Number of protein chains: 2
Amino acid sequence: MNTNTPPVSVLAPNGCCPPGAPPTLAPDTALRLAEALKALADPTRLRMLSLLAQQTEPLCVCDITAQFDQHQPTISHHLRLLREARFVDCEKRGVWAYYWVTDAGQRALIVALSLG
Amino acid sequence: MNTNTPPVSVLAPNGCCPPGAPPTLAPDTALRLAEALKALADPTRLRMLSLLAQQTEPLCVCDITAQFDQHQPTISHHLRLLREARFVDCEKRGVWAYYWVTDAGQRALIVALSLG
DNA sequence: CATATATATCGAAGATTGTCAATATAGGGG
DNA sequence: CCCCTATATTGACAATCTTCGATATATATG
């Protein structure tokens, strides 16, 4: 189907939603979704999530840092944003901090990748 | 499953990907995905996409503008970003510009909504 | 042609974000 | 107790983003 011509019908005639159709987005829902999307909308964070999602065991920050060109505070900053979005979680063991992907983080990554 | 404890196994032991598992993200792929996610990561644009996805017919800019609290240049700016991301397309008829959601835009909206 | 209207573009102000150097915190080893 | 190392936090700066007023463009109408 050619999306460069106006569609005869896209979704939801008369406000009634056909199967699989997104309903109208309430402003507060849009805000919440936008926040989750912002946490994903950075190449470094996407790669971090991908890296963590491939691990059998949680990774410590120094191993994560080694995979990127950015400096340690920057990595720490991105990990914090991912944590605040509940896409990763962490645990301190001695001097080290170990990170892993949450269920929500895995779903988010799969969702992001599906954007092609 | 409790995501607040380190997982025994998340995905991809030894770099081998289990069914449905995201592969490592190449930097250029991450960049491209991040750009698409940025286009989605705004409450106004999410609501615009949702509004357009519900229409049987393309909507003209003045009708879109009427649904939001922002001024016309702001709406025009957001529509441009959605267009550059190929999530919407438009056509001029006389003085009016009519917008509709592309296939990619519909997929993106569904994907965004699936973030919960 | 003059005017009115719909939309886009420009330019600027303010907010947010990504990055890093410097510093703080805290655990482990001598 | 002192030092070394791993990580987090702070503060600064540049870049990017959102928004809006002003203006440009283009079409229809009288």
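Computed from a predicted structure; not experimentally measured. Throughout, a chain's letter reflects where its sequence line sits, starting with A, and its residues are numbered from 1.
- Nucleotide C:dT16 holds its C1' atom 13 Å from the CD atom of A:Glu35, rounded to whole Å.
- C:dT5 atom C1' lies 18 Å from atom CZ of B:Arg93, rounded to whole Å.
- The backbone N or O of A:Gln72 lies less than 3.5 Å from no partner atom in the side chain of A:Thr65, so there is not a single donor-acceptor pair.
- A 4.5 Å side-chain heavy-atom check between A:Val101 and A:Gln55 finds every atom pair outside the cut-off.
- Contact check on A:Glu91 versus A:Arg93 returns a salt bridge, with a Lys/Arg side-chain nitrogen under 4.0 Å from an Asp/Glu carboxylate oxygen.
- For the pair A:Gln70 and A:Gly94, both in contact range of DNA chain C, the more 5′-proximal nearest nucleotide belongs to A:Gln70.
- A straight line from NE2 of B:His78 to C1' of C:dT7 spans 16 Å, rounded to a whole angstrom.
- Side-chain N/O atoms of B:His71 include none lying less than 4.0 angstrom from OP1 or OP2 on D:dT18.
- With rounding to whole Å, A:Glu84 atom CD is found 15 Å from C:dG18 atom C1'.
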Name every donor-acceptor pair, under 3.5 Å, that has one atom in a side chain of residues 30-41 of chain A and the other anywhere in the protein, sequence neighbours excluded.
| unit_1 | atom_1 | unit_2 | atom_2 | d |
| --- | --- | --- | --- | --- |
| A:Arg32 | NH1 | B:Gly116 | O | 2.4 |
| A:Arg32 | NH2 | B:Gly116 | O | 3.4 |

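- A 4.5 Å side-chain heavy-atom check between B:Leu79 and B:Tyr99 finds at least one atom pair inside the cut-off.
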Counting primed atoms plus P, OP1 and OP2 as sugar-phosphate and everything else as base, spell out the protein contacts along nucleotides 4-17 of chain D at 4.0 Å heavy-atom distance: B, S or - for each nucleotide, 5' to 3'.
--SBBB--------
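- Rounded to a whole Å, the CG atom of B:Leu37 is 15 Å from the P atom of C:dT17.
- Here side-chain hydrogen bond (donor to acceptor under 3.5 Å, both in side chains) pairs that include residues 40-49 of chain A, with residues two or more places apart or in two chains, are A:Thr44-A:Gln70, A:Arg45-A:His78.
- Rounding to whole angstrom units, CZ of residue A:Phe68 and C1' of C:dC20 are separated by 17 Å.
- The distance between atom CD1 of B:Ile75 and atom P of C:dA8, rounded to the nearest whole Å, is 11 Å.
- For the pair A:Asp69 CG and C:dG18 P, the interatomic distance rounds to 17 Å; values are reported in whole Å.
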